[in-house]
Amino acid sequence: ERWSGLFRQRPAASSTRPGRRFQPMTSAMISCAPVKPARQLALPPFEVADLFCGGGGTSTGILRAARRLNRTVNLLAINHWPAAIAAHSLNHPHVRHLCESLDNLDPRRLVKRLHLLAASPECTHHSNARGGKPRSEQSRATAWHVLRWAEAVPVENIIIENVPELQSWGPLGRNGKPLKRKKGRLFKAFLEALRALDYHVDWRIITAADYGDPTTRERLIILCRKAGPVPWPATTHAPREACPPHMEPWHTASEIIDWELSGRSIFQRAHPLKANTLARILAGVRHFSGPQSEPFLIQMRGTAPGQIRRSPRLLDEPLPTITAGEFHTGLVQPFLIHTTHHGSHRFHSLQKPAPTITGAHRGELALVEPRLMQMLEPESDGEAEPVLDADCCRLVGMGTNRTIAKLDILFRMLQPHELAAGMSFPPDYEFTGTKEDKVRMIGNSVPVETAAAMAGSLLSVYAFAE
C-alpha cells in the first residue's frame with residue numbers, strides 16, 4: 001500500500017516504522033469445547049461523494065481510511081475532465097463515475113444520503129502562484145457547489161481542501177483582481193453558510209508531511225460535522241530532529257526518487273539550459289559544495305534573485321508542493337565521487353521530506369548530480385565558490401582563488417511515477433494520458449495519507465455502529 005521501498009535507494013537511514021507485533025492467544029481466549037461462532041452483523045457501506053475527484057488522491061485516501069475501519073464504500077466520483085475520469089476509473093473500477101460539470105447535475109437524482117462529501121474546488125484562481133494575473137470569478141465560485149449539495153441532500157460530514165490563500169477569498173474589482181478592502185469577505189460568508197446548515201465548522205492550515213506524506217505541501221482543510229464538534233486527526237509524523245518518541249519521523253525525498261534513472265550533463269548541450277535554471281543549480285552547488293556536500297532540491301519557479309537563492313532544499317526534507325501548473329521543483333542531488341582518494345563513496349543525507357509537488361506540464365523537480373572529474377586540491381577543506389565554465393564546474397577556493405576540483409553536473413526532471421510516490425499514491429496506481437496530463441492530475445491531487453487521515457477522523461464514529 002505504501003510506496004516506501006519501491007525504488008532502489010542510495011544508502012540512507014532505515015525507517016523507524018514499527019512492525020505489527022504478533023500477539024499470542026492466552027488461555028482465556030482458548031476453549032477446549034467447540035463453540036459456535038457468534039453471528040456478526042455486516043455493517044452497511046459508507047455513502048460518499050467526491051465532487052472534484054481528479055486523478056483520485058482524495059478518493060484513494062477515503063477508500064484507504066475505510067479499509068482501516070474494516071468498512072466498504074459506495075463512492076460517487078465526479079469530474080468534468082475526461083482524462084481524469086479515465087485514470088480514476090482505471091484504478092477504481094468499482095466506483096460510480098460521472099464525467100460531467102457539477103452545474104449540470106442535480107444531487108437529489110444521484111444520492112439520497114451521504115456519510116461524507118469531499119470537495120477540492122478549483123484553486124488556480126485563488127493561489128498566489130498566479131502572481132498579478134486577473135482572476136476568474138466563475139473558477140473561484142466552484143466552492144459554492146458544496147453548499148448546494150449540502151442543502152439538497154442529507155450530508156453528515158464534509159471535507160474541503162484548497163490552497164491556504166482561500167482565506168483571502170473576496171470579490172474582484174473591474175480589473176479582475178481581488179479588492180484588498182474586501183479581502184476574506186467571501187471566505188467568511190462561505191463558512192457562515194455552512195454553519196447556517198447546522199454544521200460544526202473548523203478549518204486549519206496543515207502540512208501533509210505531518211500525516212505521513214513525503215511532501216511539505218501546505219493546504220487549507222475545512223472539516224464540517226453535523227453530529228458534534230469536529231474531530232481533527234492527530235498528527236503522526238514530525239521533523240526527524242524534533243520527533244517525539246510516540247511519533248514517526250517525516251518521510252524523506254530520497255524514498256520517492258527512482259535512482260535507476262540517470263540525468264544528462266548540463267554542459268555542451270545542443271539546447272543549453274535556461275539562465276535561471278543554471279543559476280539555481282549554481283546556487284545549490286554553492287550552498288552544498290565541499291567534502292561534506294549534501295543532496296538537495298531546487299524549485300524551478302520564480303525569477304527574482306531572492307527566489308533563486310532560496311530554491312535549493314535538502315533531500316532530508318519532504319517534497320515541496322506539487323501543483324497542477326508546470327512542476328517547478330528540481331531535485332538537485334550533488335554528490336562527489338572521489339575516484340582518486342576515496343573510491344566511489346557518495347555523500348548523501350536523505351533524511352527529510354521533499355518539497356511541494358506541482359502540476360506543471362514537465363514537473364518542476366529536477367535531479368542534478370555533481371560528479372567529481374578531477375581533484376586538484378585534495379587537502380582543501382575551506383569554503384569554495386562554484387564557477388561554470390563551458391565544459392565543467394570548477395570549485396574555486398575562497399581567498400586562495402585556486403581551483404580545488406572540477407565537476408560534471410547531471411540534470412534531469414523528476415518523472416510522473418516519482419511525483420505520484422511523493423503524493424503517497426500506491427506503487428501500482430496508473431495515470432493515463434500524456435505526460436502533461438499525468439503531472440497535472442498528480443499536482444491537482446490531495447496527498448493520499450492526508451486525505452485518509454481527515455476522512456478516517458470523521459468516519460471513525462461509524463466504525464462499529466450506524
Side-chain angles (χ1 to χ4, degrees), residues 51-52 54 79-81 84 101-103 119-148 158-196 201 203-208 216-222 274-276 279-280 299-311 320-329 355-364 436 439-446:
L51 298 189
F52 304 87
N79 200 273
H80 68 283
W81 186 24
S101 170
L102 289 171
D103 293 322
S120 296
E122 186 175 346
C123 65
T124 305
H125 288 262
H126 290 288
S127 174
N128 286 337
R130 285 191 63 83
K133 297 179 182 177
R135 266 69 163 174
S136 166
E137 194 65 79
Q138 183 176 359
S139 296
R140 287 154 52 89
T142 54
W144 295 109
H145 285 295
V146 176
L147 289 169
R148 188 165 67 88
I158 301 174
I159 300 174
I160 302 168
E161 179 267 355
N162 215 281
V163 292
E165 293 88 347
L166 184 66
Q167 303 169 75
S168 302
W169 183 18
L172 301 179
R174 293 181 179 179
N175 60 358
K177 297 182 180 180
L179 296 172
K180 293 183 179 180
R181 68 180 184 276
K182 296 184 178 180
K183 180 179 179 180
R185 182 171 296 185
L186 290 178
F187 178 69
K188 294 176 182 177
F190 180 70
L191 298 182
E192 287 305 314
L194 288 167
R195 294 186 178 104
V201 180
W203 62 274
R204 294 179 182 178
I205 305 296
I206 61 94
T207 300
T216 52
R217 185 187 189 107
E218 285 192 346
R219 280 300 183 262
L220 182 146
I221 302 291
I222 304 173
K274 294 181 179 179
N276 280 333
R280 291 184 178 92
Q299 289 187 277
M300 299 173 61
R301 178 174 52 204
T303 58
Q307 291 174 312
I308 292 175
R309 287 195 302 269
R310 294 191 298 270
S311 64
T321 299
I322 303 171
T323 70
E326 288 196 21
F327 190 50
H328 299 300
T329 307
T356 299
I357 301 170
T358 72
H361 68 283
R362 291 183 310 154
E364 295 165 351
E436 182 177 350
V439 174
R440 178 182 170 188
M441 284 183 231
I442 296 166
N444 274 332
S445 295
V446 178

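Separating the OG1 atom in Thr142 from the CG atom in Leu102 is a distance of 8.5 Å, to the nearest 0.5 Å. Distance CD1/Ile160 to CG/Leu194: 5.0 Å, rounded to 0.5 Å. The line from NE2 of His80 to CG of Asp103 is 10.5 Å long, rounded to the nearest 0.5 Å. Taken from CD1 in Ile222 to CZ in Arg204, the straight-line distance is 13.5 Å, to the nearest 0.5 Å. How far CD1 of Ile158 is from CG of Leu147: 7.5 Å, rounded to the nearest 0.5 Å.
Nearest heavy-atom pair, Val146 versus Ala119, reported as atom, atom and distance to 0.1 Å: CG2-CB, 3.5 Å. Here the shortest heavy-atom pairing between His145 and Leu51 reads O-CD1, 4.5 Å. Summarising the geometry of Arg195 relative to Glu192, their closest heavy-atom pair is NH1-OE2, 2.9 Å, with the distance given to 0.1 Å. When every heavy atom of Gly170 is checked against every heavy atom of Leu186, the shortest pair comes out as C-CD1, 3.6 Å. What you find for Lys183 and Ser168 is that their closest heavy atoms are CE-OG, 3.1 Å. Closest heavy-atom contact between Gly443 and Arg217: O-NH2, 3.0 Å.
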Walk me through it: do Gln167 and Leu220 pass the test side chain to side chain contact (heavy atoms under 4.5 Å, CB included)? CA-CA 8 Å; Gln167 303 169 75; Leu220 182 146; 3.3 Å; yes
Show the numbers, then the answer: is there a side chain to side chain contact (heavy atoms under 4.5 Å, CB included) between Arg219 and Val163? CA-CA 5 Å; Arg219 280 300 183 262; Val163 292; 3.9 Å; yes
Should Trp169 and Asn162 be marked as a side chain to side chain contact (heavy atoms under 4.5 Å, CB included) after you check the CA-CA gap, both sets of side-chain angles, and the distance that decides it? CA-CA 11 Å; Trp169 183 18; Asn162 215 281; over 6 Å; no
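You'll find the ring centres of Phe190 and Trp203 outside the 6.0 Å limit.
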